[in-house]
K.L.:
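Just passing along the structure, written as structure tokens.
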Amino acid sequence: MLTIKVPLKHIEEVREILMETEIISRNYKILTEGNFGYIPINKKISNVKLKENIEKELKKSTKEKIHFEIVDKNLKEVKKKPRSLTEHLKGKLTEKEIEDLKTSFDIIGDTVILEIPEDLENQKNVIGDAALAFTGRKSVFMKKSAVEGVTRTRKLELIAGEDIYETIHKEHGVRLKLDVKKVYFSPRLATERKRLAKQVKDGEIILDMFAGIGPFPILIAKKHEVDIYATDINKEAIKYMENNIEINKLKGKIRPILGDVNKIAEEKFIKENIRFDRIIMNLPGTAKDFLELAMTLVNNEGIIHYYEFSDGYESAIKRIEKIAKKQNKNFKILNTRKVKSSSPKEWHIVVDAQIQ
Ligand SMILES: C[S@@+](CC[C@H](N)C(=O)[O-])C[C@H]1O[C@@H](n2cnc3c(N)ncnc32)[C@H](O)[C@@H]1O
């Protein structure tokens with residue numbers, strides 16, 4: 001390939017001057033040999049007047065006359081870092097295998113969680129190593145089940161890196177500690193958490209019915225002066241939530257309560273006449289079974305953030321309408337939003353309803 005041969009003492013200067021132009025190629029490494037250096041010339045540059053053009057560029061930036069020659073030399077190519085997991089897998093899996101692999105994955109703190117189709121399981125370690133190299137995280141886990149059971153957790157199998165399930169995830173300036181095997185957490189809800197936190201006003205009393213490790217309460221409490229009750233049935237989630245309140249210095253603003261929200265409502269909220277300006281119901285599969293309770297616990301003008309898996313908003317709004325009617329209440333829909341896709345035909349949706 002064509003190169004600019006320059007005495008070593010001038011190589012850095014020439015490189016810097018020509019870097020600003022199209023003349024130098026970034027795809028090849030500079031070679032030094034004896035007292036000379038060889039700078040790669042961009043293959044797309046025409047040879048006509050090449051020497052004159054280089055001279056002109058050098059003259060613009062330095063008064064010193066720099067001697068150089070244009071010579072042919074073999075230079076090494078710069079190895080470019082792959083920019084996607086797919087690129088990382090090129091040459092390791094067949095084109096068809098790469099196509100079959102869903103290359104979307106979740107990064108939670110130091111861990112990567114991905115899905116591998118059954119007929120690609122024999123390649124799980126190759127895929128795991130590629131994901132480890134691409135993301136620079138510590139552990140890669142493969143999904144072994146859907147999110148299931150009352151605690152909404154899933155089975156995972158380590159396919160690359162260290163066997164560590166506990167990690168700290170950073171989101172919107174807060175730190176969330178969790179065990180990816182023992183609790184529910186989705187980084188795909190980050191935008192939803194920000195959207196919701198923005199609506200909160202100082203002084204609100206809030207209930208997060210299905211709070212998990214506390215991502216909604218932690219973000220809200222970080223930004224507002226509020227009093228948040230955060231219930232969850234999973235004792236591991238409550239343990240991490242308590243830890244997260246501490247590491248984010250939010251003691252006194254969030255009250256984690258372990259148990260079934262139905263029972264907690266009966267034994268505490270209703271008994272002590274505690275009512276809420278805002279209720280978060282992020283349990284999209286079964287939140288509908290708790291809508292009546294939420295409608296009972298919400299203050300006049302209070303807002304319910306109701307989540308569902310659905311292909312639209314109609315069924316969710318109908319449910320809210322039915323229960324409002326039953327309780328002799330009116331409601332106003334403030335917002336509807338697709339939070340994330342959950343299956344090819346369904347979305348995780350949210351409806352914000354103000355109850356009057
Ligand atoms: C989809 S996760 C949401 C967690 C959290 N809001 C988040 O965004 O990460 C639902 C949570 O509800 C909890 N849960 C399920 N049934 C419950 C109930 N009856 N009472 C309280 N919590 C419940 C589960 O343990 C789980 O942590």
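First listed ligand is number 1; within each ligand, the first listed atom is number 1.
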K.L.:
Is the NZ or CZ atom of K143 positioned over F105's six-membered ring, under 6.0 angstrom from the centre and within 45° of the axis?
P.N.:
no

K.L.:
For the residue pair S61 and I17, what are the closest heavy atoms and their distance?
P.N.:
OG-CG2, 3.6 Å

K.L.:
Establish, from distance only, whether the side-chain atoms of Y28 and K43 form a donor-acceptor pair under 3.5 Å.
P.N.:
yes

K.L.:
Considering the options D277, I228, D227, which one meets the side-chain contact (heavy atoms from CB on, under 4.5 Å) requirement together with E204?
P.N.:
D277

K.L.:
Which protein residues have a heavy atom closer than 4.0 Å to any atom of ligand 1, listed by chain and number?
P.N.:
V150, T151, R152, Y184, L189, R193, M209, F210, A211, G212, P215, F216, D232, I233, N234, G259, D260, V261, N282, L283, F290

K.L.:
Tell me, yes or no, whether the heavy-atom count around K223 atom NZ, taken from other residues, nucleotides or ligands under 6.0 Å, exceeds 12.
P.N.:
no

K.L.:
I'd like to know if E225 pairs up with K253 as an ion pair, taking the criterion as any Lys NZ or Arg NE/NH1/NH2 lying under 4.0 Å from an Asp or Glu carboxylate oxygen.
P.N.:
yes

